[in-house]
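Remarks on the structure that follows.
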There are 2 protein chains.
Amino acid sequence: MNTYPDNGMAEIAAPASALLIGRGVAADLIAVLVAVTSGEPRVLTIADQRALPSGPFQLAHRSLQSGLRAWVERQTRLPLGYIEQLYTFADRDRGGGEQPVISISYLGLTREQRASGEYEASWRSWYLYFPWEDHRLGAPALIADEFLPRLRAWSDAAGDQFLRQNRWQRAIITFGFEDRPWNEELVLQRYELLYEAGLITEATRGEQQGAFSNAMPNAGQAMVLDHRRILATGIARLRAKIKYHPVVFELMPETFTLLQLQRCVEALAGRLVHKQNFRRLIEQQELVEETGETSQDTGGRPAKLFRFRRDILAERAVAGTKLPISRA
Amino acid sequence: MNTYPDNGMAEIAAPASALLIGRGVAADLIAVLVAVTSGEPRVLTIADQRALPSGPFQLAHRSLQSGLRAWVERQTRLPLGYIEQLYTFADRDRGGGEQPVISISYLGLTREQRASGEYEASWRSWYLYFPWEDHRLGAPALIADEFLPRLRAWSDAAGDQFLRQNRWQRAIITFGFEDRPWNEELVLQRYELLYEAGLITEATRGEQQGAFSNAMPNAGQAMVLDHRRILATGIARLRAKIKYHPVVFELMPETFTLLQLQRCVEALAGRLVHKQNFRRLIEQQELVEETGETSQDTGGRPAKLFRFRRDILAERAVAGTKLPISRA
DNA sequence: GGCCTTATACTCCAGATGAGTATTATCAAG
DNA sequence: CTTGATAATACTCATCTGGAGTATAAGGCC
């Protein structure tokens with residue numbers, strides 16, 4: 001998201017000897033398109049689920065944002081409910097030649113997901129790429145069994161004492177070791193930590209063939225270039241956003257029960273929320289209104305159906321709202 | 001920041017007839033550099049205070065971020081404590097020719113401000129550009145006396161009823177009319193509203209010479225291109241950020257009193273905070289430690305001097321903190 | 001009817017927040 | 001050396017908010 005001193009890795013290095021090129025870089029758009037179906041948060045992927053959809057910026061478009069929108073809608077035939085810019089970075093390894101590539105990444109939310117791509121596009125659960133991020137059924141064993149010892153070892157391997165302590169402290173905070181609470185928003189920080197520790201497949205790509213590698217094949221599906229990092233950025237942004245902005249509704253069907261809404265939020269946040277408190281907050285904020293209908297297929301008592309009050313959007317989009325996901 | 005449907009204006013339009021240019025755009029960096037001195041939040045400007053510093057992206061740099069950092073430090077000889085990307089947009093009116101320009105804007109915080117530019121750089125209070133954003137001495141008369149009637153008239157002038165209501169509702173929320181609370185974070189939304197209503201000088205630039213204009217010369221100093229909009233984005237981002245991230249300290253001298261810290265926060269937020277509660281929050285978060293010294297030149301009882309606990313930064317940079325500025 | 005499942009209505013408590021009051025320590029002016 | 005002005009600093013208090021739990025209602029299914 002944003003770096004303190006300069007967290008590195010965000011943007012790929014170019015040799016310091018390269019000359020100044022004032023004019024003439026290529027610009028790419030990269031999209032993190034999200035939908036939630038059957039209780040899973042899904043992201044649109046291409047290239048055998050190993051890449052995010054992307055394409056060159058075309059001047060024909062009014063703006064970057066509308067360019068992205070038009071391009072996605074043409075490719076997928078999905079209406080995009082919400083678009084937000086994520087991050088821009090420069091990457092010289094792309095293009096193949098001397099010309100650097102500037103990549104502008106976007107987060108987009110959509111309701112449906114008839115894939116319908118021109119290439120083999122498919123929607124995949126984002127936990128395929130980040131299995132350690134799903135805490136709905138408790139903390140995944142992967143974290144305590146695999147990450148904990150390896151991050152510990154990596155920390156201890158640091159030369160100077162300050163670095164050692166710094167590494168371990170980041171591990172503690174991001175993964176909630178030593179009884180710290182889990183903070184679902186730190187998706188990017190966790191990914192970066194694992195990357196630096198060499199546990200992520202992508203981190204060891206540039207290295208020699210026979211080199212020893214710490215990379216864990218079971219630490220999530222790898223992606224092309226830094227696409228997994230961009231996905232992490234998108235997930236983090238969305239997890240933060242749903243807490244104070246009514247964007248969840250862009251992912252919901254026209255009418256829904258409160259439990260469906262809750263399941264959607266839980267899928268995104270990767271953690272469960274207290275049902276009664278969730279309803280209290282939703283209702284007292286007047287974000288939804290009853291349709292008058294009820295849904296029978298709940299498995300229990302029929303639930304009232306609600307619809308998002310679009311009329312309140314102008315107000316709340318700017319003034320903010322809340323969702324009950326513990327930050328502590 | 002981010003747009004709902006597509007708030008327009010964010011990125012300048014290019015004619016729909018323009019052809020696709022896959023390769024070859026120019027990339028510019030634009031910086032919002034902020035410092036706080038004598039109780040005023042200041043921004044570095046060039047070109048007779050009518051522009052933000054900017055320059056072409058040079059491939060010689062490791063990354064966009066380090067490029068920005070190196071370039072600013074060379075130009076101003078100021079160390080940048082904190083850098084954060086703001087927004088990227090495409091602008092075809094720039095470059096003069098067919099080549100579109102991609103502008104990547106950054107927010108940077110620095111401690112001192114010996115201008116020292118190569119061109120005539122100077123630090124200006126950002127309230128010079130946004131006089132309506134300073135509520136430290138109460139709401140500026142400008143808002144009730146000038147904006148209120150004009151925004152009212154602009155709303156009423158809308159053709160259909162929905163648009164009329166939408167305009168006025170945005171005015172109410174962003175400016176706190178009709179007894180709504182003032183929300184200091186809505187800097188960008190306010191600027192966009194004034195821009196759409198034609199009250200901002202920049203909004204009427206492209207128009208005919210003799211055309212009638214609503215633009216108010218007293219509604220803040222105008223800037224080149226969309227620099228004022230970028231500045232608004234930076235202010236909004238910073239105002240939001242100081243509430244949950246310990247970035248204020250990047251703007252403070254090595255040691256400071258709690259009142260100095262408070263004044264700095266107030267300068268940025270454009271509103272006053274409750275002194276006792278401010279201190280309570282700062283101290284219970286253990287963000288600062290006493291130096292043991294006291295400052296005599298307070299005008300009253302001497303105040304303890306504090307220093308920011310840099311050692312806590314690694315933890316808090318990621319875990320977050322709080323500052324007491326009412327959101328309600 | 002008994003039991004499972006989910007919806008929905010309330011209650012409780014602890015900590016955070018907003019807004020005071022009271023007291024203490026300096027300096028400067030008379 | 002007393003009086004004011006200005007701040008620092010210590011407490012108090014009522015309210016809000018958020019997390020968690022209990023109780024009851026309304027369906028399906030056996």
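Worth knowing before you read on, the calculation uses all heavy atoms, side chains too, and leaves out hydrogens, waters and symmetry mates.
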List every contact pair, protein side and nucleotides 26-30 of chain D side both N or O, where the distance is under 3.5 Å.
unit_1, atom_1, unit_2, atom_2, d
dA26(D), O4', R301(A), NE, 3.4

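- At least one side-chain nitrogen or oxygen of K275(B) sits closer than 4.0 Å to the OP1 or OP2 atom of dA8(D).
- The CG atom of L148(A) sits 4.5 Å away from the CZ atom of F177(A) when rounded to the nearest 0.5 Å.
- Contact annotation: the side chain of R111(B) never approaches that of F249(B) to less than 4.5 Å [non-hydrogen atoms, C-beta and beyond].
- Donor-acceptor pairing under 3.5 Å, judged by distance alone, is present between the side chain of N277(B) and the base of dG18(C).
- Rounded to the nearest 0.5 Å, atoms CZ (F306(B)) and CG (L261(B)) are 9.5 Å apart.
- Put simply, CD1 on I282(A) is 14 Å from C1' on dG18(D), counting in whole angstrom units.
- Set against dG18(C), dT9(D), dA7(D), the side chain of R279(B) has dT9(D) as its closest nucleotide.
- One can place CD of Q262(A) at 8 Å from P of dA7(C), the figure rounded to the nearest angstrom.
- The separation between L305(A) atom CG and dA7(C) atom C1' is 13 Å, rounded to whole Å.
- Using a 4.0 Å cut-off between charged nitrogen and carboxylate oxygen, E84(A) and K241(A) count as a salt-bridge pair.
- When heavy atoms are screened at a 4.0 angstrom cut-off, L259(A) is found touching the sugar-phosphate backbone but no base atom.
- Set against dT8(C), dT17(C), dA8(D), the side chain of L281(B) has dT17(C) as its closest nucleotide.
- Judged by distance alone, the side chain of R237(A) and the main-chain N or O of Q85(A) form a donor-acceptor pair under 3.5 Å.
- R280(B) has its CZ atom 13 Å from the P atom of dG20(C), to the nearest Å.
- Looking only at distances, a side-chain donor or acceptor of T110(A) sits under 3.5 Å from a matching main-chain atom of P79(A).
- If you measure from atom CD of E293(B) to atom P of dT26(C), you get 15 Å, rounded to the nearest angstrom.
- Under 3.5 Å, the side chain of Q276(B) and the base of dT12(D) form no donor-acceptor pair of N or O atoms.
- Each of E290(B), E293(B), E283(B) was evaluated against K304(B); a single residue qualifies, E290(B), per the salt bridge (charged side-chain N to carboxylate O under 4.0 Å, His left out) test.
- Between the P atom of dT22(D) and the NE2 atom of H274(A) lies a distance of 10 Å, rounded to the nearest Å.
- The interatomic distance linking K304(B) (NZ) with dA7(D) (P) rounds to 19 Å, in whole Å.
- Between the CZ atom of R271(B) and the C1' atom of dG18(C) there is a distance of 13 Å, rounded to whole Å.
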